[in-house]
Undergrad: 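The structure that follows is given in the form of structure tokens.
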Amino acid sequence: MNAPIPQNLVARAQRQAEVVAALSDVLPASCLLWQREDVAPYECDGLAAYRQQPLVVALPETEAQVAAVLRVCHHLKVPVVARGAGTGLSGGALPHVDGVLLALSRFNHIKSIDKLARTATVECGVRNLAISEAAAPHGLYYAPDPSSQIACTIGGNVAENSGGVHCLKYGLTVHNVLQVRGYTVEGEPITVGNLAGDSAGPDLLAVVIGSEGMLMVVTEVTVKLIPKPVLARCIMASFDDLRKAGDAVARLIADGIIPAGLEMMDKPMTAAVESFVHAGYDLNAEAILLCESDGTPEEVEEEISRMLAVLQGCGATALTISRDEAERLRFWSGRKNAFPASGRISPDYYCMDGTIPRKRVADMLLAIQDMEREFSLRCVNVFHAGDGNLHPLILFDANQTGELERAEAFGAKILEACVEMGGSITGEHGVGLEKINSMCVQFSPEELEQFLAMRRAFDPAEHLNPGKNIPSHARCAEYGKLHVRGGRLAFPELPRF
């Protein structure tokens with residue numbers, strides 16, 4: 001005799017059938033997925049520790065279809081989570097179990113390149129690197145270059161306010177976008193920003209960029225393009241002491257030098273990437289800095305000379321200057337491959353993202369070493385050192401009981417240390433689900449209420465990407481209790497791998 005089907009599963013199946021029927025009126029069959037095996041590839045983003053399947057995956061091909069899907073979901077009071085390439089690392093694109101996942105990967109067309117205005121207008125699903133590839137014949141490129149740029153989409157970059165190794169000089173996504181177009185939760189068209197680069201009234205463009213899909217669904221983005229530098233050269237500097245390397249970062253900026261890129265790797269990370277890409281890194285160094293200069297040959301020569309003087313004065317044990325473009329790219333290949341290199345030395349890793357004042361870089365690295373002993377887990381570190389954005393990668397094995405939970409607790413403590421040092425719980429990966437508890441550490445209840453008020457101005461019922469980014473007062477109260485007891489609020493309602 002078969003066991004009865006639980007009532008909650010019956011109700012979910014009925015709801016799913018209702019949503020599928022309604023969306024079938026506005027989307028062709030090829031644009032709808034709802035069978036378990038079909039929606040499984042969408043059950044998580046780059047934070048694979050948390051997974052759950054949506055009711056339905058919608059794959060619109062036109063803006064009219066996007067608007068229609070949003071109108072249907074608004075009418076049925078169904079949550080909507082927008083998704084690009086799924087490369088995000090904070091759970092921001094984790095589906096809602098009772099909602100529609102709006103997959104925008106088919107919006108992958110570059111609509112125009114204006115070489116005179118130095119702009120590109122692209123659909124939200126265009127890959128970051130594809131913009132620079134399209135602009136290259138005009139001697140232009142798009143500056144923000146996250147390590148996932150070969151795969152991540154511009155819509156996702158807008159959602160997370162992504163950066164990259166060259167963000168110190170050229171800025172984050174928010175500094176390089178002029179205008180976004182898309183739709184409200186009700187399916188109404190909305191344009192934020194303009195092509196002139198300035199507009200009257202509040203700066204809503206800066207509000208939307210980094211809002212993690214909670215305010216609108218972005219379908220088109222106009223970005224700034226800049227001329228490709230005539231020349232770029234990179235210094236690889238070795239240090240036998242973390243404090244010296246951290247001091248060198250602060251001194252470079254204090255001396256008025258703004259490198260095109262200023263990255264730092266500690267000794268364990270250097271070993272991991274060197275065995276992977278053979279970039280020529282010094283395996284005896286406690287830390288390595290990559291300092292890049294770009295511009296005209298005269299500008300680069302003068303800036304390289306100034307950077308060498310600072311690095312030598314801060315105790316660099318070895319200095320190597322790239323001799324040609326191939327060597328420069330080889331130096332950067334290690335930094336760009338830090339994440340996959342970490343995957344080669346550990347069954348799993350948990351990538352954190354926080355920001356500290358650049359003068360506290362060494363303090364943070366030393367604190368992380370203490371945490372390694374506390375949680376009995378290894379951690380390899382890579383920094384956007386110039387702006388204090390750190391990416392510790394905590395190594396663990398999810399098949400070992402308790403290691404994922406220890407990794408999460410380790411990560412939460414790193415974020416608390418960021419706040420204590422005067423920094424932030426995120427630099428470019430966003431809050432999503434991963435850091436929602438840590439928002440309670442950084443912001444007061446009054447500040448969080450202001451964030452909610454802004455969200456509700458766009459989406460009163462909070463149907464766009466619900467449950468992410470902004471914690472409830474109840475969650476913060478519970479997290480505070482657990483924090484006092486030395487515990488940690490987890491997410492037991494979400495299935496883990």
Side-chain angles (χ1 to χ4, degrees), residues 46-49 87 89-90 146-148 163-165 236-246 249 261-290 331-356 360-386 388-398 400 403-404 406-415 417-418 423 426-429 434:
L47 182 65
T87 60
L89 293 167
S90 64
S147 294
S148 58
V165 298
M236 180 172 64
S238 301
F239 290 86
D240 59 7
D241 179 79
L242 292 175
R243 182 73 61 185
K244 293 177 183 177
V249 171
L262 180 54
E263 299 287 305
M264 181 175 178
M265 291 177 288
D266 67 2
K267 188 173 187 177
M269 177 61 84
T270 301
V273 297
E274 180 61 20
S275 66
F276 183 40
V277 300
H278 310 293
Y281 293 156
D282 181 355
L283 295 179
N284 295 315
E286 291 299 319
I288 282 179
L289 291 183
L290 295 177
F331 286 174
W332 283 112
S333 68
R335 169 60 189 90
K336 285 280 189 175
N337 285 283
F339 291 4
S342 300
R344 296 175 73 244
I345 63 172
S346 176
D348 302 284
Y349 65 81
Y350 184 31
C351 177
M352 295 308 300
D353 162 57
T355 304
I356 54 173
R360 304 297 302 273
V361 166
D363 294 333
M364 176 57 78
L365 285 172
L366 294 171
I368 288 174
Q369 289 180 357
D370 291 338
M371 295 179 208
E372 288 183 282
R373 292 185 284 271
E374 176 183 350
F375 294 102
S376 300
L377 293 172
R378 294 179 297 155
C379 184
V380 293
N381 294 278
V382 61
F383 280 60
H384 297 309
N389 185 196
L390 58 145
H391 293 314
L393 283 84
I394 301 165
L395 309 181
F396 71 100
D397 185 350
Q400 299 298 316
E403 285 208 7
L404 172 58
R406 293 210 312 276
E408 291 177 315
F410 192 161
K413 189 157 187 176
I414 290 174
L415 297 182
C418 288
T426 183
E428 58 175 337
H429 290 178
E434 175 197 39

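We number each residue from 1, following the sequence as shown.
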Undergrad: Heavy atoms only: give me the nearest Gly334-Val277 pair and the separation to one decimal.
TA: CA-CG2, 3.6 Å
Undergrad: I need the minimum non-hydrogen distance between Ile394 and Cys379, along with the two atoms involved.
TA: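 Reported closest heavy-atom pair: CG1-SG, 4.1 Å.
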Undergrad: Could you state the interatomic distance from CZ (Phe410) to CD1 (Ile368), rounded to the nearest 0.5 Å?
TA: 6.5 Å
Undergrad: Carefully, step by step, assess Leu89 and Phe339 under the rule side-chain contact (heavy atoms from CB on, under 4.5 Å).
TA: CA-CA 11 Å; Leu89 293 167; Phe339 291 4; 3.7 Å; yes
Undergrad: Determine, step by step, whether Val165 and Arg335 satisfy the side-chain contact (heavy atoms from CB on, under 4.5 Å) criterion, reporting the C-alpha distance in whole Å, the side-chain angles of both residues, the deciding distance to 0.1 Å, and the verdict.
TA: CA-CA 9 Å; Val165 298; Arg335 169 60 189 90; 3.9 Å; yes
Undergrad: Which distance, rounded to the nearest 0.5 Å, do you find between the CE of Met236 and the CH2 of Trp332?
TA: 12.0 Å
Undergrad: Please check if the side chain of Arg406 supplies one atom and the backbone of Phe375 the other of a donor-acceptor pair under 3.5 Å.
TA: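 Judged by distance alone, yes, a pair lies under 3.5 Å.
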Undergrad: Nearest 0.5 Å please: distance from the OG atom of Ser148 over to the NZ atom of Lys336.
TA: 8.5 Å
Undergrad: Are the side chain of Ser275 and the backbone of Ala272 linked by a donor-acceptor contact shorter than 3.5 Å?
TA: yes
Undergrad: For Glu403 and Asp397, indicate whether the former's side chain and the latter's backbone hold a donor-acceptor pair under 3.5 Å.
TA: yes
Undergrad: Keeping Asp353 on the side-chain end and Glu428 on the backbone end, is there a donor-acceptor pair under 3.5 Å?
TA: yes
Undergrad: Can you list every pair that meets salt bridge (charged side-chain N to carboxylate O under 4.0 Å, His left out) and has a residue in residues 276-290, with sequence neighbours left out?
TA: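 Output for this query lists Lys267-Glu286.
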Undergrad: Please confirm whether the backbone N or O of Val273 pairs with a side-chain atom of Asn337, one donor and one acceptor, at under 3.5 Å?
TA: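 Not a single qualifying donor-acceptor pair exists.
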Undergrad: Is there side-chain contact between Met364 and Cys418, with at least one heavy-atom pair below 4.5 Å?
TA: yes
Undergrad: Quick one: salt bridge (charged side-chain N to carboxylate O under 4.0 Å, His left out) pairs with a partner in residues 365-382, sequence neighbours left out?
TA: Asp370-Arg373, Glu374-Lys413
Undergrad: What orientation do His391 and His384 show, parallel under 30°, tilted 30 to 60°, or perpendicular over 60°?
TA: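 The arrangement is perpendicular - the two ring planes meet at more than 60°.
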Undergrad: Just how far is it from atom OG1 of Thr426 to atom CG of Asn389, taken to the nearest 0.5 Å?
TA: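 Reported to 0.5 Å precision, the distance equals 7.0 Å.
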Undergrad: Is any side-chain heavy atom of Leu283 closer than 4.5 Å to one of Thr270?
TA: yes
Undergrad: So, for Gly411 and Tyr350, which heavy atoms are closest and what is the spacing to 0.1 Å?
TA: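 Taking every non-hydrogen atom into account, CA-CE2, 4.5 Å.
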Undergrad: Could you measure the distance from the CZ atom of Phe383 to the CG atom of Leu289? Nearest 0.5 Å is fine.
TA: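 So the CZ of Phe383 and the CG of Leu289 are separated by 11.0 Å.
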Undergrad: Closer than 4.0 angstrom, basic N to acidic O: yes or no for Asp241 and Lys244?
TA: no
Undergrad: Please name the pair of heavy atoms, one in Arg360 and one in Ile356, separated by the smallest distance, quoted to 0.1 Å.
TA: O-CD1, 3.5 Å
Undergrad: Is the backbone N or O of Ala398 less than 3.5 Å from a side-chain atom of Asp348, with the two atoms forming a donor-acceptor pair by type?
TA: yes
Undergrad: Can Leu365 and Met264 be said to form a side-chain contact (heavy atoms from CB on, under 4.5 Å), step by step?
TA: CA-CA 11 Å; Leu365 285 172; Met264 181 175 178; 3.5 Å; yes
Undergrad: Looking at CG of Leu390 and CE of Met352, how far apart are the two atoms once the value is rounded to the nearest 0.5 Å?
TA: 8.5 Å
Undergrad: State, to 0.1 Å, how close Leu377 and Ala407 come at their nearest heavy-atom pair, and which atoms those are.
TA: CD1-N, 3.5 Å
Undergrad: Please step through side-chain contact (heavy atoms from CB on, under 4.5 Å) for the pair Val361 and Leu242, ending with a clear verdict.
TA: CA-CA 9 Å; Val361 166; Leu242 292 175; over 6 Å; no
Undergrad: Applying the side-chain contact (heavy atoms from CB on, under 4.5 Å) test to Met269, which of Ile345, Leu393, Ile288 qualifies?
TA: Leu393
Undergrad: Can you check whether Phe396's main-chain N or O pairs, donor with acceptor, with Ser346's side chain at less than 3.5 Å?
TA: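 Looks like yes, one N/O pair under 3.5 Å.
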Undergrad: Can you name the nearest heavy-atom pair linking Val380 to Pro268, along with the distance?
TA: CG1-CB, 3.6 Å
Undergrad: Is there a donor-acceptor pair under 3.5 Å between the side chain of Glu274 and the backbone N or O of Tyr281?
TA: yes
Undergrad: Test your reading of the model: is there a side-chain donor-acceptor pair from Ser90 to the backbone of His429, 3.5 Å cut-off?
TA: yes
